[in-house]
S.K.: 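First, the structure itself, so that you have it in front of you.
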Amino acid sequence: MDDESGPVSSPPQLPAAEASEKSMPAPVPVSPLPPALVERVQSLAAEYRASTGRAADADTIRTRLGLPASMTPSVATHL
């Protein structure tokens, strides 16, 4: 049997930069923390590690500080 449908073409490929831009979520803006709050973040993280033996995650520290969830990325940058 002869197949006269011709070569099968693949879907067009996006350039790597375009593909990665479309697959990655938009970055979350990070609000700067005042120096005193940065010190407190680091202090709480050290206390958490000393008491549990594990590194604290940003949500845990943010919750202990009473900060809103939107501040998690800012806290995470200082852990």
Side-chain angles (χ1 to χ4, degrees):
M1 273 174 122
D2 288 335
D3 186 9
E4 296 181 21
S5 62
V8 176
S9 63
S10 61
Q13 297 294 318
L14 294 174
E18 273 187 51
S20 66
E21 286 175 10
K22 290 184 180 189
S23 64
M24 294 182 62
V28 176
V30 176
S31 302
L33 297 179
L37 191 52
V38 171
E39 289 177 23
R40 186 69 180 131
V41 165
Q42 294 170 344
S43 174
L44 282 173
E47 289 173 18
Y48 186 89
R49 180 180 287 281
S51 66
T52 66
R54 298 183 323 235
D57 62 279
D59 277 328
T60 299
I61 299 300
R62 178 196 54 78
T63 301
R64 289 187 180 193
L65 289 169
L67 298 173
S70 61
M71 296 295 291
T72 302
S74 298
V75 170
T77 61
H78 299 288
L79 292 178

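Along the sequence shown, the residues carry numbers beginning at 1.
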S.K.: Compare every heavy atom of Ala56 with every heavy atom of Ala45, then report the nearest pair and how far apart it is.
M.R.: CA-CB, 4.3 Å

S.K.: So which heavy atom on Pro73 is nearest to which on Ala69, and how close?
M.R.: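 The answer is CD-O, 4.3 Å.
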
S.K.: Rounded to the nearest 0.5 Å, how far apart are CZ of Arg54 and CZ of Arg49?
M.R.: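 If we round to the nearest 0.5 Å, Arg54:CZ and Arg49:CZ are 10.5 Å apart.
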
S.K.: Just jot down the side-chain contact (heavy atoms from CB on, under 4.5 Å) partners of Ser43, sequence neighbours excluded, or say none.
M.R.: Arg40, Glu47

S.K.: Any salt bridge (Lys or Arg N to Asp or Glu O under 4.0 Å) involving residues 62-79? Give me the pairs, sequence neighbours left out, ordered by first then second residue.
M.R.: Asp59-Arg62

S.K.: How would you list, by chain and number, every residue that makes a side-chain contact (heavy atoms from CB on, under 4.5 Å) with Ser51, sequence neighbours excluded?
M.R.: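 Ser51 satisfies side-chain contact (heavy atoms from CB on, under 4.5 Å) with no residue once adjacent residues are dropped.
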
S.K.: Test question: given the 4.5 Å side-chain rule for I, L, V, M, F, W and Y, name all other residues clustered with Val38, or answer none.
M.R.: Leu33, Leu37, Val41, Leu44, Ile61, Leu65, Leu67, Met71, Val75, Leu79

S.K.: Just to verify, what does Asp57 make a salt bridge (Lys or Arg N to Asp or Glu O under 4.0 Å) with, not counting sequence neighbours?
M.R.: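 Result, salt bridge (Lys or Arg N to Asp or Glu O under 4.0 Å) vs Asp57: none returned.
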
